[in-house]
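All remarks here apply to the structure that follows.
Predicted model, so just to flag it, every value in this text is computed and none were measured. Below, chains carry the letters A, B, ... as their sequence lines are ordered, and counting in each starts from 1. All values below come from the heavy atoms of this structure, side chains included, with hydrogens, waters and symmetry mates left out.
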Amino acid sequence: MNGYLFHTESDRREMLRAIGAESVQEIIDGQVPPAVQMKRPLELPPAADEMTLESELRRLAASNASVSSHVCFMGGGAYDHFIPAVVDEIASRGEYYTSYTPYQAEVSQGNLQVMFEYETLVSQITGLDVSNASLYDGGSAATEAVLMALASVKKRHKVITSDAVHPEYREILEAYLQNIDAELVVVPASESGTSEGILDAIDEQTACVLIQHPNFFGRLEQVRKIADAAHQAGALVIQSFDPISVGLLKRPGDLGVDIAVAEGQCLGNPLQYGGPYLGIMACRQDLMRRMPGRIAGQTTDRRGNRCWVLTLQTREQHIRREKATSNICSNQTLLALRATVYLSLLGPQGLKETAEHCVVKTNQARERFAASERFELVHAGPVFKEFLVRDREGDVQALLEHATDHGVLAGVPVGPMEPKWKDCFLVAVTEKRTEADLDRLMKVLESAPADEANRLAETV
Amino acid sequence: MNGYLFHTESDRREMLRAIGAESVQEIIDGQVPPAVQMKRPLELPPAADEMTLESELRRLAASNASVSSHVCFMGGGAYDHFIPAVVDEIASRGEYYTSYTPYQAEVSQGNLQVMFEYETLVSQITGLDVSNASLYDGGSAATEAVLMALASVKKRHKVITSDAVHPEYREILEAYLQNIDAELVVVPASESGTSEGILDAIDEQTACVLIQHPNFFGRLEQVRKIADAAHQAGALVIQSFDPISVGLLKRPGDLGVDIAVAEGQCLGNPLQYGGPYLGIMACRQDLMRRMPGRIAGQTTDRRGNRCWVLTLQTREQHIRREKATSNICSNQTLLALRATVYLSLLGPQGLKETAEHCVVKTNQARERFAASERFELVHAGPVFKEFLVRDREGDVQALLEHATDHGVLAGVPVGPMEPKWKDCFLVAVTEKRTEADLDRLMKVLESAPADEANRLAETV
Amino acid sequence: QATKLLFEMSRSGRRAHHLPPLPAEGETAASLLPADQLADAPPPLPELAEGDVVRHFVNLSTLNMSVDTHFYPLGSCTMKYNPKRNERMASLPGLVDVHPLQSDRSVPGVLQMLYELQQMIGEIAGLPGVSLQPAAGAHGELTALLVAAAYYRDRGEDQRRYVLTADSAHGTNPASAQMAGFSTRTVKSNAQGLVDLDDLKSKLDDKTAVFMLTNPNTLGLFDSQIKEITDLVHEAGALIYLDGANMNAILGITRPGDFGADLMHFNPHKTFSGPHGGGGPGAGPICVRDFLADYLPGPVVEKVGEEFRTVDPAKTIGRVRSFFGNVGVLARAYIYIRTYGKEGLRRVSEDAVLGANYLLSKVRHILDVPHGDRCMHEFVASAKKLKKEKHLSAMDLAKRLLDFGFHAPTVYFPLVVEEAVMVEPTETESKETLDAFAEALFRITEESGDVVEHAPHSTNISRPDDVIAARKPILRWTEKDK
Amino acid sequence: QATKLLFEMSRSGRRAHHLPPLPAEGETAASLLPADQLADAPPPLPELAEGDVVRHFVNLSTLNMSVDTHFYPLGSCTMKYNPKRNERMASLPGLVDVHPLQSDRSVPGVLQMLYELQQMIGEIAGLPGVSLQPAAGAHGELTALLVAAAYYRDRGEDQRRYVLTADSAHGTNPASAQMAGFSTRTVKSNAQGLVDLDDLKSKLDDKTAVFMLTNPNTLGLFDSQIKEITDLVHEAGALIYLDGANMNAILGITRPGDFGADLMHFNPHKTFSGPHGGGGPGAGPICVRDFLADYLPGPVVEKVGEEFRTVDPAKTIGRVRSFFGNVGVLARAYIYIRTYGKEGLRRVSEDAVLGANYLLSKVRHILDVPHGDRCMHEFVASAKKLKKEKHLSAMDLAKRLLDFGFHAPTVYFPLVVEEAVMVEPTETESKETLDAFAEALFRITEESGDVVEHAPHSTNISRPDDVIAARKPILRWTEKDK
């Protein structure tokens, strides 16, 4: 019997004797009506020992292209930033990853202090007053922020956003708003890939505006202007931001934003095909009690020592049930821990330099695409760490498969998310990329023969 | 400035002020005569940040064949056994790997208890009374055992061994005995690869006999018989054994051996191109105070609680200096910890099954070689987990390079260690190998064209 | 003694992280961005050396109790052993370093694993439609309710606006219903702690969308009326949602699909060995009947010939989070299920039930256990008598257990039991540990009230003041605290 | 409270480890081996579940102080921060999963790393011949002395049978000399703690083989007479061996080869950031002058064109351990040296010297420091006065420091200082930590003797009885202890 069970046959006999049962089956029969009990074993693969299973998993893992085996220029909301070894070392301590939500504060000060430090760091990078202890991911955090705004701004039901916001984030918003009393307005981005159109869309019915800055195309938005307009109309402003970008750019709080959300994957969390990730959320003080998710706060113990506890729990579903602020009752402590360690290591200077690397190297890549015959830049103007490229040959999927086969994850095809961009792909450049990587990217992309690309596309 | 330094420039100024020095250079000048100070910077590569260095090391690591990238049939004293994940998890805890020799027992009970548990486990697998807390590796442990025997058996200087003992172990013995009053006799193994010749070599000058069982060729020795003869002549018997083998085979203590030594790499330690490894040593009670290396023992603290300390330290060089039992003042705690965790996981049944896998699969491999046209088995008779194969085509080095190029580390060439075996190689089969691995081994070896092999050999 | 905060250790100019220099020639980052977008300075993060950071977080970790260090019988949370092999395998670069937007063709191994996991949990649930997307149990609840809403909309039954939840249910049930746009009605428990059938009947009508059921319920009891319940609900045209929090009790013994559930979520971080990560990440995959599968969020993995593809179900509700889902968590569940396999999972539940009943057989001599002398994988005792006789609360008991080296059980939940003490030992604790726990519980009930009331005594801090924390919230460190 | 031993947790039939079944057909292992070689039963190892094993070793670990958790100013041991990047990079499968007997052609990366490390430490030593084989510092000493012996044998100077060691030297020096077949003579220290030149002169003759010198010495002092010493020894036809234990003081500042050493070892687990592993593994690579390089143990790595090869030096003494050496430890040293690079290593030593002198400037107001008010990377104080005035020993002081959250300094070494307290702060501790340590030291000297004498009070155990441990050794658990 593979696995982790403890009881020997003699243990089982002794335990049954103490219970006064003949068998476990007898106990089960007393609980589960025989009519609904399974009459056959589960149809699952046979038990696998560690050695055999690991060897199988190694083969399975080796069959995937990855940012370890390939040079990565993919972004679109998840980025190949460098993760210092210290982050893994800390997060792999059993005391962190095998503990649970800190219900018993006296034996959870480690996690609680980390949550408090995380919240402080999030305040520092957002320039806002209050952070929660994290949400599921950047996408659902954006939607939670909208729900929070809808609950805060009474009797308004309109939510305005732009198609320069991550398409998946907008999909989530649609799914959540489907059954509740809310109207979603999506303003198209301008030729230059930014969302000035929002300014015209804001009206007295508007509960909130959701913008992304830097946006899905890597472009910078006029957040302050939009925030001013929204506030004038009595609406709240939510910004989805890139935590790395604030090494150089003004923070959401500095731009007048009410609620900031972000995908925290970039802060020391691995890509792992999309999750688990880290939903960052911070807001102004007066929205504090509308905030979803766990929050750790400072207090004192009976001896007068400073300590930390979960707090503001009256917002939560344990107590408020259907009147809760949100149904979320977990947070991503382990990923928040990783972000906390990551930001502790980087410090202000490290965050700034990381942002600088992104900007400078992304610009180097842009220049190469601009100089290329086959490709063109879709948007002019400054970007942070990614940008949209058009393939004049048109078959982006085949082009990118060609690159993958040659060791380069060249970018994110945006066609599947937005058909109007079907001949385009996003190229992201992090601090990890080198001059040699850029050489390789261009060489591989320019070597993709248009006809071969088309042929490949038909077979895929 | 890359690295791990703490002091800011203002720290440095404050500290110098407290010291009363203008600069660190001033302090150094007061200590190190300027004449011997360096006048130029060290000629080393420039400082490398973590991200860049890791990317370089990844390339460097990827250039090596390994038992992760290749199927491994190499043994010869180091084996590709499976290492459960728990072993790595425990050994990667900072409290273990960043602590030092437990001089302060009160804050080292973790390491001390592990050492005590390790010693007990070594007693259990050797069937002997006393174990130390580990030595450098199996090879130097064998030599330390010989030195221990020479010191115990007064006025005898002859050391008898066989050429079925690992050639490298014999080389170490020669190097250590070179300058001291000792005579080394190496008895050749018989046609069947065993060391009966030792029986005739034992005489009244013999201080000790060193045998290996299972021996270098995987063959089983008549340890009990040799031990009886040695004891009759007043000599001590040292056995180098394979810790996995005692899952099935009698233990050194059960065979009448006085000192058992082993390479403990097989007990949960990675191969890492030869080290660090784990020297195991255990002996009879009456040899205890001759034992080199650290030893942990049980005692009680002032409150009467059971606890552990380093003990028998009067053997050691701190106190005895030139009269110490040995110059060894470290042990391989971290590797001993890994072995302790490994044996705790396996338990008696797991160790037995691992040994069974080795024997059965090794036999399967032997049958395939026996059935092959190109290869022959050098020795008849039972083996434990490896065996010597002769390539009738003769060019073993080229053959093995061919196999490596095709993803198989097919065996250990013994020619470089013993010219008389230049057309032979050792094949080891651990529990990790599967039927498919054996198929692959034979296919790759049999596909090596003799002439291609010769051509390759010329260029290498 | 309180521990210093990162911010209090900061020293201007200290650094742990370094990047290679950017080329001296070429444009600077600042010159490439509009001046009005630039911050004057980077955020005021703490400045630390690497050694500081490591020592800080290593020492902090030791202030936590965890499964790796202590028995953690937290009811409803299934704090079982978190296998180290799961961590190692799930961390292979070919799994952990995969970008979420890579093409299907470039991640065959990931997709195969996810496809097989869909199949496996569908089989365990007895419900063939599977979405791995939800990020947590509560997220799974919400997602399933969005699926139910879409289904009713599609059938023109928009009038089904009520979700029924049991009074013993987790608070997430009503909260999720609310978020999905439903109104909720509470169904009472009867004296046995099971669903009060009369109350259920009285609340079922053609406005009922879903009955959210926890079974085994939060008292650790399998509802013996399960067929009546599901028949009643189905007759009313409504759906049964099963809160899968307690699946560790019934793996291979009975399947939600077989006892009438139409939708359910799993908590892989509970049932399939977590880990819990200090509160997350988890995952909340959902399984549904075939007629609901088309509404699931996308993407799901399909097998076409020998290839695996991600596709969106035909009438998908869209998506509930970005990218595929919590793949890292799901990978661990996959490894766990493969480890036990067809032979083992039933044994897991049997041992979980055995352990809980064994502990119950000891505890019921120490505390009241209002709902019987048998249970499934957990049971709920009551400290009511202790309160009456010694003025000690369930909370006092919980705190004092910490001194004995045990994490506390869940207390004050479910709400239907006064001074509830909810104990879930799981299958990965030895009889010796269960004995020691019962012994500690007994000793505490014999101790002087004063000792218990001021517990814990041996922990890093004593009881914190929760009231002040909530009344005057301090939610971050600020410079003035320095 | 003492912790249970693995053996006391064992329960017959429990298991953590499983292998796939062997094929049912085919011969069994027992049938393939001679019956008389078979044991009746496997060894009586403990029987445990995986969760037991993990919890046991995780909890045990927390009973250790370590660099990751505490300031560890253990003199002569250089307990500096152990970088996590070293652990990660050295654990890459292409480094950690390489068999030691693989062909040179199959391990170009490993050989390149080892070759470059040979070059780098040769440069740091100023001695071009390098062997990476020795497994520890003491092993390096022995190996170097075997090299010296072979050299003299080769030159027909077999009469050189004496090794001189300083009275302040590590005990390994005389022990190693003994093992290499030499006899030892002790050279006295003078009042300044340096080599007594007259005594040295009196012991040098044509029977002297090697003078083993520690410089900076174990008092933390660089011997200002170094040129005289080395000239004297060389004039006598003997060799200078440098014990490299204190290299952390002089990286890039001065080189042993430049100040006259002919042979030396490094302790990469000290100087190049370890880790120490609870007592090991370390490594003890040695560096020698060119005329000694031919005697080094093999294999060493050579570069031929663009290829790397392992070869045995022409007159090699053979080998001192199996396989190449402690490659895993050496890899960490390589990564460390590359991290600091040419710019950084000197700064390491400067900060180590700065930290030690700063701490010295505070400690000398608290304890006697017999050898001056400046030092290199460590210093030796004396608790002599405390002994006289309060009957407190260096050991009492050491034990009481544990209560303040500091590992103790080395005590009673070197032997030339009464009640020695040897403090090495290293470069990876903050000024704040050094201040706190000095403050603790001060407070202890002010405390009541009773408190100090019975220290430690806050640790898991109080002072153990060493005498009984040695007199009636219990070196393993036995069944009867159960």
Side-chain angles (χ1 to χ4, degrees), chain A residues 6 15 24 31 36 44 47 57 60-61 63-68 74 90 93-95 97-101 106-107 109-111 120 124 136 139-140 168 175 179-180 272-276 297-299 301-302 306-307 311 317-318 321-322 324 327 330 332-334 345 347-348 350 352 356 359, chain C residues 2 16-17 29 42-43 47 57 60-61 63-68 89 92-94 96-101 106-107 109 135-136 138 171 174-176 178 181 184 222 252 259 275-281 318 321-324 326-328 341-342 350 358 430 459 461-462 464 469 474 476-477:
Chain A
F6 273 70
M15 293 166 81
V24 176
Q31 292 270 334
V36 300
L44 295 173
L57 265 286
L60 196 136
S63 74
N64 306 311
S66 77
V67 303
S68 288
M74 296 184 77
I90 297 297
R93 287 184 62 85
E95 292 94 329
Y97 79 82
T98 77
S99 55
Y100 198 32
T101 305
E106 296 87 343
V107 291
Q109 285 296 298
N111 282 330
T120 304
Q124 292 176 340
Y136 303 138
S140 64
E168 294 198 351
N179 302 311
I180 63 173
Q272 33 194 357
Y273 197 60
Q298 182 177 315
T299 186
D301 74 357
R302 290 185 177 177
R306 176 174 71 172
C307 60
T311 192
Q317 58 308 120
H318 318 285
R321 299 180 75 90
E322 69 271 21
N327 75 331
S330 57
Q332 308 292 88
T333 312
L334 194 65
L345 290 169
K352 183 176 181 205
E356 286 174 342
V359 170
Chain C
H17 190 72
E47 300 177 63
F57 288 105
L60 269 190
S61 77
L63 304 180
N64 292 335
M65 275 193 179
S66 63
V67 172
D68 269 7
M89 293 183 214
L92 288 167
V96 91
D97 290 337
V98 174
H99 192 281
L101 298 173
S106 74
V107 290
S176 298
Q178 198 65 25
T184 60
F222 193 95
F259 64 67
H276 283 82
R321 49 155 296 165
S322 49
F323 310 125
F324 186 89
N326 280 356
V327 176
K342 63 193 309 173
E350 287 176 351
Y358 176 67
S430 66
T459 52
I461 60 160
S462 62
I474 304 176
R476 64 182 161 108
W477 176 89

Which heavy atom of [X] sits nearest to which heavy atom of [Y], and what is that distance?
X	Y	answer
A:Leu345	C:Ala16	O-CB, 3.5 Å
C:Lys342	A:Leu44	CD-O, 3.4 Å
A:Cys307	C:Ile461	CB-CD1, 3.6 Å

Could you look at [X] and say if it's the side chain, the backbone, both or neither that has a heavy atom under 4.5 Å from chain C?
X	answer
A:Val36	both
A:Arg302	both
A:Thr311	side chain
A:Ile180	side chain
A:Ile90	side chain

Using a cut-off of under 4.5 Å on heavy-atom pairs, state which of [options] scores highest against chain C.
options	result
A:Thr98, A:Leu60, A:Thr101	A:Thr98
A:Gly347, A:Pro276, A:Ala324, A:Ser330	A:Pro276
A:Asn179, A:Leu334, A:Asp301, A:Asn111	A:Asp301
A:Phe6, A:Tyr273, A:Tyr97	A:Tyr273
A:Ser63, A:Ser99, A:Ala61	A:Ser99
A:Lys352, A:Gln272, A:Gln332, A:Glu106	A:Glu106

Region of C:Leu92 that comes under 4.5 Å of a non-hydrogen atom in chain A:
side chain
Per-residue contact mode, C:Thr184 against chain A (heavy atom under 4.5 angstrom)
side chain
Between chain A and each of [options], count heavy-atom pairs under 4.5 Å; write down the option with the most.
options	answer
C:Asn64, C:Asn326, C:Asp68	C:Asn64
C:Gly318, C:Ala135, C:Pro281, C:Pro100	C:Pro100
C:His276, C:Gln178, C:Glu350, C:His99	C:His99
C:Ser322, C:Ser430, C:Ala138, C:Ser106	C:Ser322
C:Pro43, C:Ser176, C:Gly181	C:Pro43
C:Ser462, C:Gly341, C:Ala469, C:Ala136	C:Ser462

To the nearest 0.5 Å, what is the distance between [atom1] ([X]) and [atom2] ([Y])?
X	Y	atom1	atom2	value
C:Trp477	A:Gln124	CH2	CD	7.0 Å
A:Glu168	C:Arg321	CD	CZ	9.5 Å
A:Tyr100	C:Ser66	OH	OG	15.0 Å
C:Phe222	A:Gln31	CZ	CD	9.0 Å

What I want to check is whether the side chains of A:Ser66 and C:Asp97 have a donor and an acceptor closer together than 3.5 Å.
no
Report yes or no: do C:Ser61 and A:Arg93 form a side-chain donor-acceptor pair below 3.5 Å?
yes
